[in-house]
Amino acid sequence: MAIASSSSSIRPLNHSSLFPKCPSLSHHSQFRPPPPFSPPSFRSTVRATSAVVLERESITQPQDTTEVELFACPVCFEPLVRKGPSGFNLPAIYRSGFKCKKCNKTYSSKNIYIDLTVTAGTKDYTEYQPARTELFRSPLVSFFYERGWRQNFNRSGFPGPDEEFKMAQEYFEPAEGGVLVDVSCGSGLFSRKFAKSGTYSKVVALDFSENMLRQCYDFIENDDSILTINLALVRADVSRLPFTSGSIDAVHAGAALHCWPSPSNAVAEINRILRSGGVFVGTTFLRASPSTPEILRPFRQRIQGNYNYFTKEEIEDLCTTCGLINYSSKVQQSFIMFSAQKP
Ligand SMILES: C[S@@+](CC[C@H](N)C(=O)[O-])C[C@H]1O[C@@H](n2cnc3c(N)ncnc32)[C@H](O)[C@@H]1O
């Protein structure tokens, strides 16, 4: 399918297509959690070298190593120290524990994913995100996302996962062999494709929704070819990405910009983690109408509905204002794929 250039006409977004009627669940979710896993507990000892040594008190595996990680603390962005089997794959990562030696905070696997949100480990404090984020935390929405909900996007011009993946891979050519983070991966539709492609040294499937990550694990579990390859599942907020500055080669964000609580904080954060020359590729639904008149701006959410839709000019402005360069985009009806680079 040929995607028109940015000058192509944009049809107004069909909002109802974003909320397909979910058929009632005739059976329980097929989700089967992996065997229970007890995260290792840490005892930290400050040695003469000031290095923090992490000692795992639970079952120790012969190949256990302590190494500085790709992941960083979401509070202070210091690289985490990892204790556990080496390797960047689900079984190794989930038998590991992570610790920030600056904050003295530990992060452990929740059986399926590592929780690297700032609120990981809170006991009494709870926090709610806007409805457009909370919606996807629902088990029902997560279950149906790849089972009908996502297919509905084609009506608004999305060319479908295979074509979107092909288009993204072209933009990502400068990042080949590097680390790719699939931000707001949902149930991992594209993370699985990126991991299977063999193009990247590491793929991180990252989302805020625990249930999307569970679905993601479910799909991976049923595919032996990706269960033990270079893929990790991480829970994190796009506005607080758990990576050090300049450490990531590629960031993908499929159909996500309109769901983020603050797209500007998110794109600034994506710019922060990208290395020089690193590539950001995103897709979203375009808003056909021009900016909301000043007087109506306080009511913009009511007028637009739950999501944050932008015009293609606004998306370019957002990327460049956040410091990205070489912006380009492809548009088909309400679908836009855009790409920009870290200078
Ligand atoms: C429409 S889905 C897109 C899934 C997938 N990337 C795709 O292309 O189909 C939007 C995703 O954004 C995630 N999301 C919403 N707010 C987020 C946040 N603050 N941080 C990270 N992910 C978020 C949701 O959990 C959801 O999985």
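Just the heavy atoms: all of them, side chains too, but no hydrogens, waters or symmetry mates, feed the values below. Atoms within a ligand are numbered from 1 in the order they appear, just like the ligands themselves.
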Checking side-chain polar atoms at under 3.5 Å, does [X] have a donor or acceptor matched by the opposite partner on [Y]?
X      : Y      : value
Asn308 : His258 : no
Ser187 : Glu146 : yes
Asn265 : Ser239 : no

How about Phe71 and Tyr107: are their ring centres within less than 6.0 Å of each other?
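Judged by ring-centre distance (under 6.0 Å), Phe71 and Tyr107 do not meet the cut-off.
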| So, for Phe285 and Phe153, is the gap between ring centers shorter than 6.0 Å? |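 Yes, the ring of Phe285 comes within the 6.0 Å limit of the ring of Phe153, centre to centre.
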Atom pairs and distances, ligand 1 N/O vs protein N/O under 3.5 Å:
residue, atom, partner, partner atom, Å
ligand 1, 6 (N), Ser184, O, 2.8
ligand 1, 6 (N), Gly254, O, 2.8
ligand 1, 8 (O), Arg150, NH2, 2.9
ligand 1, 8 (O), Gly254, O, 3.2
ligand 1, 9 (O), Tyr145, OH, 2.5
ligand 1, 9 (O), Arg150, NE, 2.8
ligand 1, 16 (N), Thr133, OG1, 2.8
ligand 1, 19 (N), Asp237, OD1, 3.0
ligand 1, 20 (N), Val238, N, 3.0
ligand 1, 22 (N), Ser184, OG, 2.8
ligand 1, 25 (O), Asp207, OD1, 2.6
ligand 1, 27 (O), Asp207, OD1, 3.4
ligand 1, 27 (O), Asp207, OD2, 2.7

Inset, instruction - If a pair satisfies salt bridge (charged side-chain N to carboxylate O under 4.0 Å, His left out) and one of its residues is in residues 255-275, list it, with sequence neighbours excluded. - result: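 Matches after skipping sequence neighbours: Asp249-Arg275, Glu269-Arg272.
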